[in-house]
Amino acid sequence: MATVIEPGALARPAAAVKGASPLPLGRILEGDCVEAMGGLPAASIDCVFADPPYTNGALWVIGSYHNIFRVGAILQDLGFWILNDIIWRKANPMPNFKGTRFTNAHETLIWAATGEKARYTFNYRAMKTLNDELQMRSDWVLPICGGPERLRTNGVKAHPTQKPEALLYRVMLATTRRGDVVLDPFFGTGTTGAVARRLGREWIGIEREPAYIDVARERIAAALPLDESALTTMHSARSAPRVAFGQLVESGWLTPGTELFDRRRRFVATVRADGSLASGKATGSIHGLGAQLQGAPSCNGWTFWHCEHEGEIKPIDALRQLYLLAIED
Ligand SMILES: C[S@@+](CC[C@H](N)C(=O)[O-])C[C@H]1O[C@@H](n2cnc3c(N)ncnc32)[C@H](O)[C@@H]1O
């Protein structure tokens, strides 16, 4: 995840400030981010996701070995409190073409609060549900952005370092609430804005390159469906054979709001953004809710729940198999 700027900009007495401020919600501010952030009201932002260029030097949060150690030291010197360093392990990294070093296959995301005692949001339950009832760990295996999710202009990549939506999805689902304001001072193609919009978060972007701003505006207006993300390039099933139900939701194979039902259609449940299911007032994981509704001690949700996929009724386990096949490409 991310954090940024100066601690005062983030520690906010929430809704009161948000309602009263002339915040440029849902807008991309053109220009230099340091200057633009200076114009934002104090204590108006809930979360900052900063994805700066890799060889730049200010307050950055996601980065690689080129900058992340320096960034971490600066954040600590400024009084930020590091909560986690998340390793984003790239399932399909670029090879080291010269063969002179190890393949650089990960980036680090520093998640920091504004101080040791500062309050912050962590949706522990949502993360555990997303991960099939296992605590979400600090190593995330996700593919780099590719396939239909990768934005192109006249056939050429619109941006060299577009981030995968699945990464931002997890960051926001874990550490923001509905209606929170997410600021991205290095907006690029607007991945943060697109995911924020889908998840019901407010967003503000800052970007200095007009060409990227155009791409981002078009992308967010079109609200790319989540199932465009992460389909064609991924990790091998051998290295990560296990698939949590939340991964299907997070990468767009099952959109939040989709209805699932058992084979005989006695029960219907709706998929929620964190990978949990709701059926009337009952909620739970695919396994827990299936057991609860049947009054059974346990249930294999993968074979119990079905959905419509390309005009056919299939158990969600079939989607899991398709997902595994896709990520092996
Ligand atoms: C690593 S890219 C971010 C990519 C973005 N996360 C995405 O998914 O498309 C960094 C972006 O920051 C922009 N940038 C660099 N320095 C900036 C500054 N001082 N103010 C505003 N934007 C800046 C660059 O033009 C670039 O688009």
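Note that ligands are numbered from 1 as they come in the structure, with each ligand's atoms numbered from 1 the same way.
- Between I204 and L29, the closest side-chain pair of non-hydrogen atoms falls below 4.5 Å.
- Distances below 4.0 Å separate heavy atoms of G188 from the following atoms of ligand 1: 9 (O), 27 (O).
- When heavy-atom distances to ligand 1 are checked against a 4.0 Å cut-off, F186 comes that close through both its backbone and its side chain.
- The D32 neighbourhood of ligand 1 comprises atoms 18 (C), 19 (N), 20 (N), with distances under 4.0 Å to a heavy atom of that residue.
- For ligand 1, the atoms sitting less than 4.0 Å from at least one non-hydrogen atom of T191 are 7 (C), 8 (O), 9 (O), numbered in the order shown with element in parentheses.
- Listed by chain and residue number, H159 satisfy the ring pair (Phe, Tyr, Trp, His ring centres under 6.0 Å) test with Y212 (two or more places apart in sequence, or in another chain).
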Begin from the C-alpha positions of F187 and W203 and carry the test ring-ring contact (aromatic ring centres under 6.0 Å, His included) through to its verdict.
-> CA-CA 10 Å; F187 206 53; W203 59 271; 5.4 Å; yes
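- At a threshold of 4.5 Å between non-hydrogen side-chain atoms, the residues Y169 and L199 count as touching.
- Checking T191 against R219 by side-chain atom types alone, a donor-acceptor pair falls below 3.5 Å.
- Short contacts between ligand 1 and C33, defined as distances under 4.0 Å to a heavy atom of the residue, involve ligand atoms 18 (C), 19 (N), 20 (N), 21 (C).
- Within the listing of ligand 1, atoms 21 (C), 22 (N) sit less than 4.0 angstrom from a heavy atom of P185.
- The residue from E165, H159, E207 that puts a heavy atom closest to atom 24 (C) of ligand 1 is E207.
- Atoms of ligand 1 found under 4.0 Å from any heavy atom of E209, numbered from 1 in the order shown, are 25 (O).
- Residues T176 and T121 have side chains not in contact (no heavy-atom distance under 4.5 Å, counting atoms from C-beta outward).
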Starting from the C-alpha separation in whole Å, work towards a yes-or-no answer on ring-ring contact (aromatic ring centres under 6.0 Å, His included) for W111 and Y120.
-> CA-CA 10 Å; W111 177 36; Y120 59 90; 5.4 Å; yes
Could you give me the CA-CA distance, side-chain angles and deciding distance for H287 and S285, then say whether side chain to side chain donor-acceptor pair (under 3.5 Å) is met?
-> CA-CA 5 Å; H287 313 297; S285 68; 5.6 Å; no
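- Residue contact check: G31 has heavy atoms under 4.0 Å from atoms 20 (N), 21 (C) of ligand 1.
- Within the 4.0 Å heavy-atom shell around ligand 1 one does not find A36.
- Distances shorter than 4.0 angstrom do not occur between any heavy atom of C145 and any atom of ligand 1.
- Residue contact check: Y212 has heavy atoms under 4.0 Å from atoms 25 (O), 27 (O) of ligand 1.
- In this structure, F187 is part of the shell of residues with a heavy atom less than 4.0 angstrom from ligand 1.
- For residues 259-283, no residue pair satisfies the ring-ring contact (aromatic ring centres under 6.0 Å, His included) rule, not counting sequence neighbours.
- The closest heavy-atom contact to atom 16 (N) of ligand 1, among the options R208, K163, R219, Q162, comes from R208.
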